[in-house]
Amino acid sequence: MPCKDTSAMVRIKLDLEERLLDFDFSKITCSKEIGGGTGYAEYCSGKPAEEVLALDFNELTRILGLDDPDDQFFLYLEWDALRTALCQYLGNEEEVDRERYQLASIAHETDFIEISQVIHPEQNMPKLVSCFKRSVEPLNQSG
């Protein structure tokens, strides 16, 4: 994420029996999708919310065959966002930092439930350096 605004939003759709239908995780300012391609959304689809909450991150990396650190990082972002929103929706908030993770809305429609959560950046984020700047810096140091 090269821009300074690291706030994100997760939107979750559950069926009326609280099984996961879909979720979308994106940055708020540019609606850039975060992650994706990990297989996590497909793996969780149709599972009850309580079962999704019980999924262990390390076990997921094994199940999904994610050996690349970048893929594991994207999986963590998706896993954390989905997990905290479901925790708040189900009232299991003891592990959730409510300052950072804030439910924006819960809509009960005729055939689904939609949950929206805003995720604010951590207070002590490391300084963000753009990918371009990182690729140029080693050249400047050797010359």
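This one's a predicted model, so the numbers in the text were calculated from it and none came from an experiment.
When all heavy atoms of Val10 and Ala81 are compared, the pair lying nearest together is CG1-O, 3.9 Å. Contact record, Gly39 with Leu64: O-CD2, 3.9 Å, taken as the closest heavy-atom pair. Of all non-hydrogen atoms in Ser116 and Arg11, the two that sit nearest each other are OG-CG, 3.6 Å.
By the criterion of side-chain heavy atoms lying less than 4.5 angstrom apart, applied directly or through intervening Ile, Leu, Val, Met, Phe, Trp or Tyr residues, Leu16 is grouped together with Val52 in one hydrophobic cluster. A continuous path of ILVMFWY side-chain contacts below 4.5 Å connects Leu20 to Phe57, so both sit in one hydrophobic cluster. The cluster map of Ile, Leu, Val, Met, Phe, Trp and Tyr, joined by side-chain heavy atoms under 4.5 Å apart, puts Ile63 and Leu55 in the same cluster. If you chain together hydrophobic residues whose side chains sit under 4.5 Å apart, Phe112 and Ile106 never meet in one group. Under a hydrophobic clustering in which Ile, Leu, Val, Met, Phe, Trp and Tyr are joined whenever their side-chain heavy atoms come within less than 4.5 Å, directly or via other members, Ile113 and Leu90 fall into the same cluster.
Contact annotation: the side chain of Leu82 approaches that of Ile12 to within less than 4.5 Å [non-hydrogen atoms, C-beta and beyond]. Within the 4.5 Å cutoff, no side-chain heavy atoms of Asn58 are placed close to those of Gln72. In this structure, Tyr101 and Val118 have side chains that are not in contact, with every pair of non-hydrogen atoms separated by 4.5 Å or more. The side-chain heavy atoms of Asp15 and Asp111, taken from C-beta on, include no pair separated by under 4.5 Å. Under the 4.5 Å side-chain criterion, counting only non-hydrogen atoms from C-beta, Ile119 is not in contact with Met9. You'll find the side chain of Ile115 stays beyond 4.5 Å of the side chain of Phe23, heavy atoms only.
Of the inter-residue distances, the one linking Glu59 atom CD with Thr61 atom OG1 reads 8.0 Å to the nearest 0.5 angstrom. Summarising the geometry, atom OG1 belonging to Thr84 is positioned 12.5 Å from atom CZ belonging to Arg98; distances are rounded to the nearest 0.5 Å. Note that the CD atom of Glu78 and the SG atom of Cys44 stand 9.0 Å from one another [nearest 0.5 Å]. Asp68 CG to Phe74 CZ: the interatomic distance, rounded to the nearest 0.5 Å, is 9.0 Å.
Side-chain contact check for Gln117 and Gln88: at least one donor-acceptor pair (N or O, by modelled atom type) lies under 3.5 Å. A donor and an acceptor atom, one from each side chain of His120 and Gln102, are located under 3.5 Å apart.
Note: Tyr89 and His108 have tilted aromatic rings, judged against thresholds of 30 and 60 degrees for the angle between ring planes.
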* Passes side-chain contact (heavy atoms from CB on, under 4.5 Å), Glu50 versus Asn92? Steps please. -> CA-CA 10 Å; Glu50 292 285 350; Asn92 304 334; 4.2 Å; yes
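Not a single donor-acceptor pair under 3.5 Å links the side chain of Trp79 to the backbone N or O of Leu60. Judged purely by atom type and a 3.5 angstrom limit, Ser45 has no side-chain atom pairing as donor or acceptor with the backbone of Ala41.
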